[in-house]
**Student:** 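Here it is, the structure, as structure tokens.
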Amino acid sequence: MDTATVYIVDDDAEVRQALAWLLRSRRVLSESFASAEAFELMLADRMARGVHQRQAACLLLDVRMPGMSGLALFDRLVERGETAAMPVIFLTGHANVPTAVASVKRGAFDFCEKPFSDNLLVDRIQAALQASAAHLAQWREQQHLEQRLRELTERERDVMRLVVGGLPNKLIADQLAISVRTVEVHRARVFDKMQVRSAVELANLLRPAGRGRLSGNTTAQRSAPDAQPHPWRSPM
């Protein structure tokens with residue numbers, strides 16, 4: 001995680017400088033912001049330029065600040081679904097157990113009270129960066145899988161669903177009203193496009209995506225008014 005970045009949002013210049021020095025001493029990149037609004041402007045500019053977060057990051061966020069508070073900024077990040085890729089560690093000089101518990105329940109990575117132990121804080125930052133890296137790796141893997149699914153034709157998706165369902169070629173041919181040879185051709189193309197060598201490997205690859213990412217009935221099922229909906233969805 002050589003290019004991982006820690007964003008520091010704190011209205012206290014001395015705290016920002018101290019945190020930046022601490023991170024620099026541990027060879028961790030950081031960017032500092034004096035307000036939640038300044039940090040939001042950076043995110044908005046990045047979004048406007050189509051720059052997506054590709055490297056691990058985490059946010060050290062002061063709870064109490066003039067203008068938008070750290071809690072208000074956190075709520076915005078939660079609403080936009082940004083806290084998984086960029087875990088939030090709250091920093092506060094005003095320990096408040098109910099606030100800390102509520103924040104962690106809403107997805108904050110941790111809640112640290114000032115003054116904090118340098119080593120403990122860096123440990124939590126490293127853990128947050130690792131969580132961010134794991135999330136981004138999973139996201140990239142999902143994007144790659146969806147790209148492969150988009151390359152399938154409608155008929156290939158029909159065959160794929162039945163292959164993963166464990167049906168032999170003869171039954172697939174009967175259900176789709178096509179020849180066994182045609183099923184074999186589609187099956188081979190599916191394996192090639194999905195970069196797998198067996199039905200088991202294909203099923204294992206699609207299992208995470210089965211959380212509603214794939215869907216649609218086979219051509220035969222779509223033509224049947226009383227057909228039961230297939231649990232998988234087509235790539236979005």
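Treat the numbers as computed from the prediction; the structure is a model and nothing was measured.
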**Student:** Can you measure from CH2 (W21) to CZ (R26) and round to the nearest 0.5 angstrom?
**Tutor:**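 So the CH2 of W21 and the CZ of R26 are separated by 8.0 Å.
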**Student:** Looking at D158 and R155, does any basic side-chain N land under 4.0 Å from a carboxylate oxygen?
**Tutor:**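 Counted as a salt bridge, because a side-chain N and a carboxylate O are separated by less than 4.0 Å.
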**Student:** Within this structure, what is the OG1-CZ distance for the pair T83 and F109, rounded to the nearest 0.5 Å?
**Tutor:**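 The CZ atom of F109 is 11.5 Å from OG1 of T83, to the nearest 0.5 Å.
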**Student:** Distance check, rounded to the nearest 0.5 Å: E146 atom CD versus Q143 atom CD?
**Tutor:**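 Atom-to-atom, E146:CD and Q143:CD are 5.5 Å apart.
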**Student:** How would you list, by chain and number, every residue that makes a ring-ring contact (aromatic ring centres under 6.0 Å, His included) with Y7, sequence neighbours excluded?
**Tutor:**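 Residues passing ring-ring contact (aromatic ring centres under 6.0 Å, His included) with Y7: F39.
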**Student:** Report yes if some heavy atom in the side chain of V15 is under 4.5 Å from a heavy atom in the side chain of D62; otherwise report no.
**Tutor:**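 No. Closest side-chain heavy atoms not under 4.5 Å.
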**Student:** Around atom CZ of R46, are there more than 12 heavy atoms of other residues, nucleotides or ligands at under 6.0 Å?
**Tutor:**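 Result for CZ/R46: enclosed.
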**Student:** Do I125 and I89 come within less than 4.5 Å of each other through their side chains, counting heavy atoms only?
**Tutor:**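 Result yes, sub-4.5 Å side-chain heavy-atom pair found.
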**Student:** If you take all heavy atoms of T182 and S179, which pair is closest and at what distance?
**Tutor:**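 Scanning both residues, the minimum pair turns out to be OG1-OG, 2.7 Å.
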**Student:** Side-chain contact, heavy-atom cut-off 4.5 Å: V163 with V183?
**Tutor:**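 V163 vs V183: side chains apart.
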**Student:** In the structure I gave you, are the side-chain heavy atoms of L149 and M194 within less than 4.5 Å of one another anywhere?
**Tutor:**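 Of all side-chain heavy-atom pairs linking M194 with L149, at least one is under 4.5 Å.
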**Student:** Are V185 and V159 connected into the same hydrophobic cluster when the rule is that any two of I, L, V, M, F, W, Y join if their side-chain heavy atoms are below 4.5 Å apart?
**Tutor:**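 No, separate clusters.
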**Student:** For the pair R157 (side chain) and L152 (backbone), establish whether a donor and an acceptor sit closer than 3.5 Å, ignoring hydrogens and angles.
**Tutor:**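 Such a contact is found between R157 side chain and L152 backbone.
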**Student:** Just one of K193, R189, R161 clears the side chain to side chain donor-acceptor pair (under 3.5 Å) bar with E156, so which one?
**Tutor:**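 Single pass found, and it is K193.
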**Student:** Could you measure the distance from the CG atom of L171 to the CG atom of L162? Nearest 0.5 Å is fine.
**Tutor:**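 Rounded to the nearest 0.5 Å, the CG-CG separation comes out at 9.5 Å.
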**Student:** For atom CD of E151, decide whether the heavy atoms of other residues, nucleotides or ligands shown that lie under 6.0 angstrom number more than 12.
**Tutor:**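 Yes, enclosed.
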**Student:** Using the side-chain contact (heavy atoms from CB on, under 4.5 Å) rule, take F111 and V63 through it: C-alpha gap first, then chi angles, then the decisive distance, then the call.
**Tutor:** CA-CA 10 Å; F111 207 98; V63 173; 3.8 Å; yes
**Student:** Can you sort out the partners of L41 under side-chain contact (heavy atoms from CB on, under 4.5 Å), two or more places apart, ordered by chain and number?
**Tutor:**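 L41: no side-chain contact (heavy atoms from CB on, under 4.5 Å) contacts found.
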**Student:** Measure the CE-CE distance between M47 and M42 for me, rounded to the nearest 0.5 Å.
**Tutor:**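 Result: 10.5 Å between the selected atoms.
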**Student:** Rounded to the nearest 0.5 Å, how far does CZ of F191 lie from CE of M160?
**Tutor:**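 So the CE of M160 and the CZ of F191 are separated by 10.5 Å.
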**Student:** Considering non-hydrogen atoms only, spot the tightest contact between A199 and R187 and give its length.
**Tutor:**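 So the two residues come closest at CB-NH2, 4.1 Å.
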**Student:** What are the two closest non-hydrogen atoms of L61 and G70, and how far apart are they?
**Tutor:**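 Heavy atoms only, the tightest pair is CD2-O, 3.1 Å.
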**Student:** Testing the 3.5 Å rule here: is there a donor-acceptor pair between the side chains of Q147 and R150?
**Tutor:**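 Yes, side-chain donor-acceptor contact under 3.5 Å.
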**Student:** Might you point out which heavy atoms bring A20 and I8 nearest each other, and give the distance in Å?
**Tutor:**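 Nearest heavy atoms, A20 then I8: N-CD1, 3.8 Å.
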**Student:** Are V9 and M65 side-chain neighbours, meaning at least one heavy-atom pair lies under 4.5 Å?
**Tutor:**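 With C-beta onward as the side chain, the pair touches.
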**Student:** Would you please say whether a donor-acceptor pair under 3.5 Å links the side chains of Q130 and Q126?
**Tutor:**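 Their side chains do not contain a donor-acceptor pair, so the 3.5 Å distance test is not met.
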**Student:** For residues M86 and L136: do they belong to one hydrophobic cluster (side chain heavy atoms under 4.5 Å, members Ile, Leu, Val, Met, Phe, Trp, Tyr)?
**Tutor:**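 No, because M86 and L136 fall into different hydrophobic clusters, even though each may have its own neighbours under 4.5 Å.
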**Student:** Looking at side-chain heavy atoms only, is the closest gap between L205 and R148 below 4.5 Å?
**Tutor:**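 With C-beta onward as the side chain, the pair touches.
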**Student:** Begin with the C-alpha distance, continue with both residues' side-chain angles, and end with the deciding distance and a verdict on side-chain contact (heavy atoms from CB on, under 4.5 Å) for E40 and L73.
**Tutor:** CA-CA 8 Å; E40 280 281 74; L73 173 60; 3.6 Å; yes
**Student:** With side-chain contact (heavy atoms from CB on, under 4.5 Å) as the test, would you mind laying out the steps for H186 and L176 before giving the verdict?
**Tutor:** CA-CA 12 Å; H186 286 309; L176 299 179; over 6 Å; no
**Student:** For R197, is the CZ atom crowded, meaning more than 12 foreign heavy atoms sit under 6.0 Å from it?
**Tutor:**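 Result for CZ/R197: open.
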**Student:** Can you find a heavy atom in the side chain of L121 that is under 4.5 Å from one in the side chain of L91?
**Tutor:**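 In contact.
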**Student:** Where do S32 and R16 come nearest, in terms of heavy atoms and distance?
**Tutor:**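 The answer is CB-CD, 4.0 Å.
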**Student:** Do N204 and E201 come within less than 4.5 Å of each other through their side chains, counting heavy atoms only?
**Tutor:**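 Heavy-atom side-chain distance check fails, nothing below 4.5 Å.
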**Student:** What closest approach, in Å, do S132 and P87 show between heavy atoms, and which atom pair accounts for it?
**Tutor:**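 Closest approach of S132 to P87, heavy atoms only: CB-CD, 3.7 Å.
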**Student:** Run L19 and F116 through side-chain contact (heavy atoms from CB on, under 4.5 Å) and show every step you take.
**Tutor:** CA-CA 11 Å; L19 287 170; F116 35 74; 3.5 Å; yes
**Student:** Please determine whether the number of non-hydrogen atoms from other residues, nucleotides or ligands lying under 6.0 Å from atom CZ of R80 exceeds 12.
**Tutor:**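 Yes - once you tally the heavy atoms of other residues, nucleotides and ligands closer than 6.0 Å, there are more than 12.
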